[in-house]
Enquirer: 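First the structure, which I've put down as structure tokens, then a few questions once you've had a look.
What you are looking at is a predicted structure, and each value in this text was computed from that prediction instead of being measured. In this chain, residues are counted from 1 in sequence order. All heavy atoms count here, side chains included; hydrogens, waters and symmetry mates do not.
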Amino acid sequence: MCLSPGVVAVAVDAPLHAALSPTLSYFSERPLLEGTLVHVPLGQREVAGIVWSAEATDAADSEVRLVVEVCDAIAPLSAPWRALAEFTAAYYQRSLGEIALSALPVELRRLRNAALVNRLARAAKTTAAQAGGALSP
């Protein structure tokens, strides 16, 4: 589902006992799909997060922080994947973001969008070169 610009609910890697809600509200200046990987401010640092859903909120715009970066180099995580993460978080009594983000490769959580685009381009070039070499006699 494509979300309109505005407040979105983002799951971040924070422990359940941190007294945070399962998702945190952030403002996005552009429409985002559910399951999109983003970087958001959390305290004094920036962390990876996953757009979980649209969120109707009464919070004033001044209280909601901006999404820092959208990692659109990869496809958004699917609804069944997010449902599995929700089930797993409830089953193991862990926070939603803790489970969802720990299931992703470390590189996806750590790399910025530009670095991720470069890495994917290099991987595609390497794959194409290997496929071309396999066809030649």
Side-chain angles (χ1 to χ4, degrees):
M1 173 179 161
C2 186
L3 306 175
S4 60
V7 178
V8 293
V10 177
V12 296
D13 187 358
L16 190 60
H17 59 78
L20 297 174
S21 62
T23 58
L24 303 176
S25 298
Y26 290 93
F27 184 80
S28 173
E29 296 175 340
R30 66 182 216 189
L32 295 176
L33 293 172
E34 293 175 349
T36 301
L37 190 63
V38 294
H39 287 263
V40 295
L42 182 64
Q44 298 297 320
R45 58 193 173 108
E46 286 182 16
V47 297
I50 300 170
V51 174
W52 215 257
S53 65
E55 182 179 23
T57 182
D58 296 332
D61 287 340
S62 62
E63 296 175 9
V64 179
R65 298 173 79 180
L66 289 172
V67 170
V68 174
E69 184 176 28
V70 177
C71 298
D72 52 7
I74 60 168
L77 302 168
S78 68
W81 188 94
R82 291 190 320 274
L84 179 61
E86 287 176 345
F87 169 80
T88 306
Y91 185 83
Y92 288 106
Q93 299 179 5
R94 307 301 276 181
S95 74
L96 179 59
E98 190 176 8
I99 294 295
L101 288 160
S102 67
L104 297 176
V106 174
E107 296 297 316
L108 287 181
R109 292 179 272 155
R110 200 171 38 150
L111 290 178
R112 305 303 265 185
N113 195 49
L116 191 54
V117 168
N118 290 337
R119 182 151 308 176
L120 291 172
R122 279 195 320 250
K125 186 186 289 187
T126 301
T127 303
Q130 290 173 347
L135 296 176
S136 50

Enquirer: Ignoring hydrogens, what is the shortest heavy-atom contact between A48 and L101? Give both atom names and the distance.
Expert: O-CD1, 3.4 Å

Enquirer: Please lay out, stage by stage, how V70 and N113 fare under the test side-chain contact (heavy atoms from CB on, under 4.5 Å).
Expert: CA-CA 7 Å; V70 177; N113 195 49; over 6 Å; no

Enquirer: Hey, is CD on E29 packed in by over 12 heavy atoms from elsewhere, all under 6.0 Å?
Expert: no

Enquirer: According to a 4.5 Å side-chain heavy-atom criterion applied to Ile, Leu, Val, Met, Phe, Trp and Tyr, with indirect links allowed, do L108 and L96 form part of one hydrophobic cluster?
Expert: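 Yes, one cluster joins them.
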
Enquirer: Please name the pair of heavy atoms, one in V117 and one in A73, separated by the smallest distance, quoted to 0.1 Å.
Expert: CG2-CB, 3.5 Å

Enquirer: Let me have the donor-acceptor pairs involving side chains of residues 36-45, under 3.5 Å, with sequence neighbours excluded, atom names and distances please.
Expert:
residue : atom : partner : partner atom : Å
T36     : OG1  : L33     : O            : 2.6
H39     : ND1  : R112    : NH1          : 3.1
H39     : NE2  : L111    : O            : 3.4

Enquirer: Just how far is it from atom CD of E69 to atom CG of L116, taken to the nearest 0.5 Å?
Expert: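 One finds 9.5 Å between CD of E69 and CG of L116.
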
Enquirer: To the nearest 0.5 angstrom, please state how far the CD1 atom of I50 sits from the CZ atom of R82.
Expert: 9.0 Å

Enquirer: Are I99 and L77 grouped together when hydrophobic residues (ILVMFWY) are joined by side-chain heavy atoms under 4.5 angstrom apart?
Expert: no

Enquirer: Going by salt bridge (Lys or Arg N to Asp or Glu O under 4.0 Å), name the pairs with one or both residues in residues 89-102, residues two or more places apart or in two chains.
Expert: R94-E98

Enquirer: Verify the cluster assignment for V7 and L66: are they in a single hydrophobic cluster under the rule of side-chain heavy atoms below 4.5 Å apart?
Expert: yes

Enquirer: Is there a path of hydrophobic side-chain contacts, each under 4.5 Å between heavy atoms of I/L/V/M/F/W/Y residues, joining V51 to V47?
Expert: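 Same hydrophobic cluster.
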
Enquirer: Specify the closest pair of heavy atoms between S95 and A89, including all atoms of both residues, with the distance to one decimal.
Expert: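 Closest pair (atom of S95, atom of A89, distance): O-CB, 3.9 Å.
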
Enquirer: Please report the shortest heavy-atom distance between F27 and V64, naming the atom on each side.
Expert: N-CG1, 3.3 Å

Enquirer: Mind checking the CG-CH2 spacing from L104 to W81? Nearest 0.5 Å is all I need.
Expert: 4.5 Å

Enquirer: Looking only at heavy atoms, which two atoms of T23 and A9 are closest? And how far apart?
Expert: OG1-CB, 3.5 Å

